[in-house]
Amino acid sequence: MQQRGPDAKLSVVRASLGKALSPHGGRGTLQPTMRWSKLFTPTLRDAPNDAVAPSHKLLIRGGFIRQLHAGHYSMLPLGWKVHQKVADIVRDEINALGGQEFLLPTMHPADIWKTSGRWDTMGDIMFRLEDRKGAETALGITHEEIFASVASELSSYKQLPQIWYHIQIKFRDEARPKSGLLRVREFHMKDSYSFDVDEAGLDASFELHDGAYRRIFERLGIPAFGVEASSGAMGGNDSVEFMTPSDAGEDDVIRCTNCDYSANIEKGTSALPAMTDEPGPDAPERFDTPGVRTIKALEEFDGGAPADRQLKTLVMVLDGTVTLVVVRGDHQLNTQKLSDVTGAIEVRPAEVAETVAALGAHPGSLGAVGVTDHPIIMDEALRGRTNMTTGANTDDVHYRGVSVDRDVPVGQWADLREVQEGEPCPNCGTALTIVRCIEIGHIFKLGTTYSKAFGASVSTPEGGETPIVMGSYGIGIGRNMAASAEANYDDKGLIWPVSIAPYEAVITLMRLDDDCVAAGEKLYQDLTAAGVDVLLDDRDARAGVKFADAELIGIPFRLTVGPRGLKEGKVEFNRRATGETVEVELDAAAAAVWEAVSAAKS
RNA sequence: CGGGCUAUGGCGUAGUUUGGUAACGCGCUGCACUGGGGGUGCAGAGAUCGUAGGUUCAAAUCCUGCUAGCCCGACCA
């Protein structure tokens, strides 16, 4: 370190500080936001009482985000910095696929949604409003319609394939926003859309995105895997969800511990052992079951039957139509499967009054035997079963000896049941596990639904015309930021991967005396020149406060500059992830940090 | 949408049962000491107790409506 007169140096430093500290464009050597003393990062010792998920608590405590109201968060400077780094990684990977970045509006006319039919099918999830003329508009929940309408200007197969995307705010009126950034009503999403001339092209575009998404999660420090999923309201025939295990998630995923089978519980199945029944009587027999209202009670009732020999009849209302859904007594209905199988948008259990009106009995005594005035959907697991027990549609009366093929006028067979933990894997027979997960990305093969609706077609080499085959691919920026936080923290706070940390390194000044300030500023200049995103902690605070804050907000590397080390010409180099601290020569410190950052990013 | 819980300075809480005019910790401001893991002392600032109404001499406290937030569930007939 150069030796100068202390007074002279002090005045130089003060002059530089004064300029740098000006929030009005003072041209100091440091950006004001690079000085912690000027950075708006309100860290809290305690998380708000209503935060539960670790990422929620830590993002609040670290001063990354603040809630405005349910499902709407303000991004504070640190949070926005992370958010932008996440977005940049996503952008980088989609650009690498040849993706072209757009920016489409987020307020849409009702017409475009009516054209696709989703104005009605999207229901309450869509924020709808009227403009001053009374025209119906909506805030965009996704952009298939808008991109497809733009794609109608594509005219020749020679232009394909195309991958288009934008990173734009979506609005979704979620029934239940929760867990901080994990489920919100207003969020940035990267949604990309592929346009191909045929299915083979779509498959290729889909595979490209599959690879890009896996690289994205890798770079975000999120352990991710793909699962078979229900396409839900998006339409299309094939989709893969990307999941990361977390208690803060909202999806249950079936995973095999042996083979690579994994599926959303809304889609997955298992291999049930076959059941053999006695043939039973020639016709169902009614018998009185006073007070028996549940599967369990019927199991215990003298003359009843075990749950796997009962037919459970659920009265559901599908888009207004009362429908009987029959599953095995010990099985659970998955309503998403029911929705997917029937195409019904609104699926709900019937009210008791509706049930009584439809079948003449109360829940607990219901059955589908001989019912012809309501559609009956039966779970695949009940195929061929005989000698079963079920309600007789008279309170306190059941049937035994029911054969489903003979006695129940089934209109549709489908896989409706929800897989239970421990059931055998459909591929290899190993016991399945169920893991709680956060859905961090979803990619869909859409087909031609939207291109047909919006007239997006291209001429073919043969001189004909063919609708463009589309795919759509979504990844929520804020949710992935939170998912990374869920995967990377300890009892001290966040441990961001270097790739998305708000700063890659922090220089912590133990004292604000001349030597420390000068050494810190020099390190800052060297690191900045080397392209490292660095923060200078120049606050007049105790060491413990500075260390605790740096650890809370999860900066990967820390240089500690204090008189103790400076006497030996050394500073301390600390790694957040491991807690490891080593002394390095002051002159070599910047290089050491640069190397660590480079190594982590490569 | 159903159920449960909650709302008191920036954050965390007490006070509500039994009405009497708002307290504590952290944070913030000033001063002093201190100075390598959230330090100490002194002195301060900061709350119409979510909101509207009601009961009462008197309401954070009791009653009613509304609003907002959090959690669980939305299938076990």
Side-chain angles (χ1 to χ4, degrees), chain A residues 40 42-53 56-57 60-61 63 66-72 123-124 173-180 183 248 250 265-266 292-299 307 310-316 324-339 346-352 354-356 358-359 361-368 379 390-393 395 398 416-418 420 492-493 508-513 516 539-552 558 560-567 571-572 574 579 581:
Chain A
F40 183 67
T43 56
L44 302 173
R45 199 180 288 219
D46 303 306
N49 188 27
D50 51 18
V52 174
H56 188 192
K57 286 183 180 170
I60 298 272
R61 283 190 56 208
R66 286 293 183 265
Q67 184 181 49
L68 179 62
H69 66 144
H72 300 264
D124 291 335
D173 192 356
E174 294 287 348
R176 194 179 150 206
K178 58 174 289 200
S179 305
R183 182 164 291 276
E250 301 178 273
I265 200 149
E266 294 174 348
V292 172
R293 283 292 151 81
T294 62
I295 299 285
K296 192 169 176 0
L298 189 56
E299 280 195 289
Q310 296 186 37
L311 301 177
K312 180 157 70 179
T313 307
L314 309 165
V315 183
M316 303 294 290
L324 303 191
V325 179
V326 186
V327 298
R328 206 169 84 183
D330 58 333
H331 287 168
Q332 315 291 330
L333 169 68
N334 184 288
T335 50
Q336 184 64 47
K337 284 185 173 179
L338 181 60
S339 174
E346 193 209 7
V347 173
R348 64 172 174 88
E351 311 277 340
V352 172
E354 290 172 305
T355 299
V356 173
L359 296 177
H362 288 85
S365 304
L366 305 177
D379 183 63
T390 189
N393 290 334
D395 285 344
H398 281 77
L416 299 171
R417 76 189 164 84
E418 189 162 292
Q420 305 292 303
K492 291 175 177 170
T508 303
L509 302 181
M510 300 311 297
R511 301 285 186 86
L512 297 185
D513 63 32
C516 288
R539 294 176 298 170
D540 183 14
R542 300 214 133 220
V545 172
K546 293 186 171 193
F547 291 152
D549 274 345
E551 282 155 355
L552 173 61
R558 185 180 78 216
T560 306
V561 179
R564 208 159 73 187
L566 242 33
K567 240 181 279 175
V571 297
E572 282 162 27
N574 170 273
T581 301

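Letters A, B, ... are given to chains in the order of the sequence lines, protein chains preceding strands, and every chain is numbered from 1. Scope of the values below: all heavy atoms of this structure, side chains included, with no hydrogens, waters or symmetry mates.
The side chain of A:Lys337 contributes no N or O atom lying less than 4.0 Å from OP1 or OP2 of B:C75. Using a 4.0 Å cut-off, no side-chain N or O of A:Gln310 falls inside it from OP1 or OP2 of B:A77. Of the side-chain N and O atoms in A:His362, none sit less than 4.0 angstrom from OP1 or OP2 of B:A77.
Residue whose closest nucleotide on RNA chain B sits further toward the 5' end, between A:Leu366 and A:His69: A:His69. Both A:Thr335 and A:Gly180 lie near RNA chain B, and the one whose nearest nucleotide falls closer to the 5' end is A:Gly180.
Residue A:Arg558 contributes atom CZ, which lies 14 Å from atom P of B:G36 at whole-angstrom precision. Remark: P of B:G37 and CZ of A:Arg564 are 8 Å apart, rounded to the nearest angstrom.
Residues meeting the side-chain contact (heavy atoms from CB on, under 4.5 Å) test with A:Ser339, sequence neighbours left out: A:Gln336, A:Val347. Not a single salt bridge (charged side-chain N to carboxylate O under 4.0 Å, His left out) links A:Lys492 to another residue, sequence neighbours left out.
The closest donor-acceptor contact from the side chain of A:Glu572 to the backbone of A:Val561 lies at 3.5 Å or more, if one exists at all. Within the 3.5 Å criterion, the main-chain N or O of A:Arg417 finds no donor-acceptor partner in the side chain of A:Asn334.
Applying the 6.0 Å contact sphere to NZ of A:Lys337 captures more than 12 heavy atoms from other residues, nucleotides or ligands.
The residue A:Lys296 sits apart from the nucleic acid: no heavy atom pair falls under 4.0 Å. Contacts of A:Ala47 with the nucleic acid, taken as non-hydrogen atoms under 4.0 Å apart, involve only primed sugar atoms and P, OP1 or OP2. Across all strands, A:Arg293 comes closer than 4.0 Å only to sugar-phosphate atoms, never to a base (heavy-atom distances). The residue A:Thr581 sits apart from the nucleic acid: no heavy atom pair falls under 4.0 Å. At a threshold of 4.0 angstrom between heavy atoms, the contacts of A:Asp549 include nucleobase atoms, whether or not backbone atoms are also involved. Residue-level contact check: A:Gly364 touches the backbone only, with heavy atoms under 4.0 Å from sugar-phosphate atoms and none from bases. Within 4.0 Å of A:Thr508, counting heavy atoms only, lies no atom of the nucleic acid at all. Residue A:Arg183 is classed as having no contact, given no heavy-atom separation below 4.0 Å to the nucleic acid. Counting non-hydrogen atoms under 4.0 angstrom, A:Ala70 reaches the backbone sugars and phosphates but no base. Counting non-hydrogen atoms under 4.0 angstrom, A:Val325 reaches nothing in the nucleic acid. Across all strands shown, A:Gly391 has no heavy atoms under 4.0 Å from either base or sugar-phosphate atoms.
Comparing B:U8 with B:C62, their P atoms sit 15 Å apart, to the nearest whole Å. Separating the C1' atom of B:U29 from that of B:A45 is a span of 7 Å, rounded to the nearest Å. Comparing the same atom, C1', in B:A59 and in B:C72 gives a spacing of 34 Å after rounding to whole Å. For the P atoms, the distance from B:G38 to B:G27 is 12 Å, rounded to whole Å. On the C1' atoms, B:U16 is 25 Å away from B:G3, given to the nearest whole Å. The same atom, P, is picked in B:C26 and in B:U18; the two are 34 Å apart, to the nearest Å. The gap from the P atom of B:C33 to that of B:U17 amounts to 49 Å, rounded to the nearest Å.
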Quiz item: Going through the checks in order, is the salt bridge (charged side-chain N to carboxylate O under 4.0 Å, His left out) test met by A:Glu551 and A:Lys546?
Solution: CA-CA 9 Å; A:Glu551 282 155 355; A:Lys546 293 186 171 193; over 6 Å; no

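B:A58 is unpaired under the Watson-Crick or G-U wobble criterion, no partner having all donor-acceptor distances under 3.5 Å. The partner of B:C11 is B:G25, by the rule that a Watson-Crick or G-U pair needs both atom distances under 3.5 Å. Using N1 to N3 plus N6-O4 or O6-N4 for Watson-Crick, or N1-O2 and O6-N3 for G-U wobble, each under 3.5 Å, B:U40 pairs with B:A32. Pair assignment for B:U18: none, as no Watson-Crick or G-U wobble contacts are both less than 3.5 Å. The partner of B:C66, taking Watson-Crick or G-U wobble pairs whose two distances both stay under 3.5 Å, is B:G50.
Distance from the side chain of A:Glu418 is smallest to B:C75 among B:C75, B:A77, B:G73.
Nearest heavy-atom pair across A:Arg539 and A:Val545 is NH2-O, 4.3 Å.
Judged by distance alone, with hydrogens and angles left aside, A:Glu551 brings no side-chain donor or acceptor close enough to the base of B:G38 to form a pair under 3.5 Å.
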Exercise. List the protein contact pattern of nucleotides 24-35 of chain B with one symbol per nucleotide (5' to 3'): B for base contact, S for sugar-phosphate-only contact, - for none; contact means a heavy-atom distance under 4.0 Å.
Key: --SS------BB

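Taking the charged nitrogens against the carboxylate oxygens, A:Glu250 and A:Arg176 have no contact shorter than 4.0 Å, which rules out a salt bridge.
When the options A:Leu333, A:Leu416, A:Val326 are evaluated for a side chain to side chain contact (heavy atoms under 4.5 Å, CB included) with A:Asp379, the one that passes is A:Leu416.
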